[in-house]
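A short worksheet on the structure shown next.
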Amino acid sequence: MPPIKETKTGYSTDVTVLEELVKMDLPEKIVPELILEHRELSKMRSGFVHPLMGAVNEKTGLIHGTFESTSTGTGRLSSRDPNLQNLPAFGQWSTRLKEGLVPRHEGNVYVAADYSQVELRVLAHLCDEKRLKSAFEDHRDVHTETASWVFNVEPELVTPELRRFAKVINFGILYGMSSYGLAARLGIGQQEAGDIINKYFKALPKVKDYVEESYKEARQRGYAMTSFGRIRPLNEVSVNPRDRGALKRIAVNTPIQGTAADIARMAMIKFFHHFEGRKNVHLELQIHDSLVCECAAEEREGIEKELANVMESAAKLSVPLKVETKWGKSLANV
DNA sequence: CATTTAAGCCAC
DNA sequence: AAACGTGGCTTAAATG
Ligand SMILES: Nc1nc2c(ncn2[C@H]2C[C@H](O)[C@@H](COP(=O)(O)OP(=O)(O)OP(=O)(O)O)O2)c(=O)[nH]1
Ligand SMILES: [Mn+2]
Ligand SMILES: [Mn+2]
């Protein structure tokens with residue numbers, strides 16, 4: 001079938017290429033269709049089902065993963081052996097998989113809370129953009145509004161998948177995505193993509209100013225810095241020398257992603273203080289801007305409120321921090 | 001034989 | 001001349 005994209009060593013067969021081949025509606029379209037289906041299924045089996053089952057400790061019956069505290073450039077945690085921060089979140093197989101991940105004790109449930117639009121709130125705090133701040137003061141959902149704007153659908157009709165795509169747009173543009181990159185991701189022309197980027201910064205003028213100012217500061221100081229003083233020396237980051245914009249994008253991203261990471265860490269500390277001595281409340285997972293804990297089913301309602309309160313008060317920004325809570329008998333619900 | 005690299009894909 | 005950022009993991013091929 002026709003080549004669409006090149007890699008270093010040959011022709012690309014990634015998901016966008018295969019979907020393009022299906023769209024071309026050639027007699028052989030069954031081939032990319034079957035490869036796509038195979039990719040999805042084998043990713044699930046060899047990427048999640050097998051490693052997760054293999055990670056179950058024989059004696060405890062539990063998965064004992066490792067959270068690394070000092071292995072990212074921005075201050076985020078990472079998770080390994082197995083990675084529990086990248087469990088599938090969309091699609092039927094995601095639900096099936098996570099139905100198998102359950103609390104250690106019968107009668108217990110998971111309670112989870114995730115910061116709402118966290119890096120956009122951090123951005124609003126850092127750049128003092130009026131429109132962004134009032135959006136959060138008015139409890140609005142900027143991701144949904146972006147989805148509604150870009151994809152021309154009523155906010156009520158924005159699906160979770162569409163909203164996830166809006167995050168790519170919101171954060172992508174903020175962190176320096178080009179019209180080329182946006183066009184490729186949206187499947188539109190570069191002109192149209194450029195228009196979207198221009199409108200984005202026109203709607204939020206202080207964001208553009210902030211991006212430039214933030215980069216200038218970082219370059220002068222030699223390091224990027226979060227709201228709480230975490231630093232990332234820029235001479236330690238390695239970038240492809242052919243990519244001239246890379247260092248700027250890193251310098252702009254780090255204070256924001258890093259500030260969100262600082263907040264998440266403070267929330268974890270607060271969690272331990274708050275729930276100290278409560279033997280049936282355990283923190284199980286941290287997924288960058290969310291915490292998942294296990295507790296007795298009877299205590300669920302109270303824990304949900306306490307967890308939300310702990311996280312929302314972990315730091316004080318010039319915009320409110322908000323979390324969304326969920327609970328369930330397996331990770332499929334949270 | 002073990003380790004490294006490339007491509008690809010899962011998440012936030 | 002490349003063209004959001006932060007990670008971890010699997011597979012196959014290249015490298016040693
Ligand atoms: N640069 C970049 N950052 C991302 C991307 N996806 C997620 N993030 C960062 C920014 C988010 O605020 C943060 C937490 O991810 P979430 O999925 O929880 O999204 P967010 O909190 O923005 O929205 P939500 O929780 O759904 O209200 O991770 C992405 O595609 N690019
Ligand atoms: Mn969030
Ligand atoms: Mn999240």
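Just so we're on the same page: letters track the sequence lines, and every chain starts at 1.
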*Given the P atoms of dA7(B) and dA2(C), what is the spacing between them in whole Å?*
15 Å
*asked:* I need the CG-C1' distance between Leu174(A) and dT6(C), as an integer number of Å.
replied: 14 Å
*Rounded to the nearest Å, what distance is computed from the CD atom of residue Glu236(A) to the P atom of nucleotide dT6(C)?*
14 Å
*Respond yes when some side-chain nitrogen or oxygen of Arg244(A) is under 4.0 Å from OP1 or OP2 of dA3(C), and no when none is.*
no
_Ion pair Glu217(A)/Arg221(A), N-O distance below 4.0 Å_ = yes
*May I have the distance from Leu52(A) (atom CG) to dC9(C) (atom C1'), rounded to whole angstrom?*
11 Å
*For Tyr180(A) and dA3(C), do the ring centres fall under 5.5 Å apart while the planes stay under 30° apart?*
yes
*Look at atom CZ of Arg45(A) and say whether more than 12 heavy atoms of other residues, nucleotides or ligands are closer to it than 6.0 Å.*
no
*asked:* If you compare every side-chain N and O of Ser79(A) against the phosphate oxygens of dG8(C) (OP1, OP2), does one of them come in below 4.0 Å?
replied: no
*dG7(C) phosphate, OP1 or OP2: any side-chain N/O from Ser71(A) under 4.0 angstrom?*
no
*Taking NZ from Lys248(A) and P from dG5(C), how many angstroms apart are they, rounded to a whole number?*
13 Å
*Think Ser46(A) has a side-chain N or O under 4.0 angstrom from the OP1 or OP2 of dT11(C)?*
yes
*Would you check if Lys270(A) and Ser313(A) make a side-chain contact, meaning some heavy-atom pair closer than 4.5 Å?*
yes
*asked:* If you count every heavy atom of other residues, nucleotides or ligands that lies below 6.0 Å from Glu28(A) atom CD, does the total exceed 12?
replied: yes
Between the protein and nucleotides 14-16 of chain C, are there any N/O to N/O pairs under 3.5 Å, and if so, what are the atom names and distances?
none

_Measuring only the C1' atom in each nucleotide, how far is dC4(C) from dT5(B)? A whole number of Å is fine._
24 Å
*Can you give one letter per nucleotide of nucleotides 4-12 of chain B, going 5' to 3': B for a protein heavy atom under 4.0 Å from the base, S for sugar-phosphate only, - for none?*
--SSBBBSB
*Please determine if Arg230(A) forms a cation-pi arrangement with Phe228(A), meaning its NZ or CZ atom is less than 6.0 Å from the six-membered ring centre and no more than 45° off the ring axis.*
no
*dG8(C) phosphate, OP1 or OP2, under 4.0 Å from Arg80(A) side-chain N/O*: no
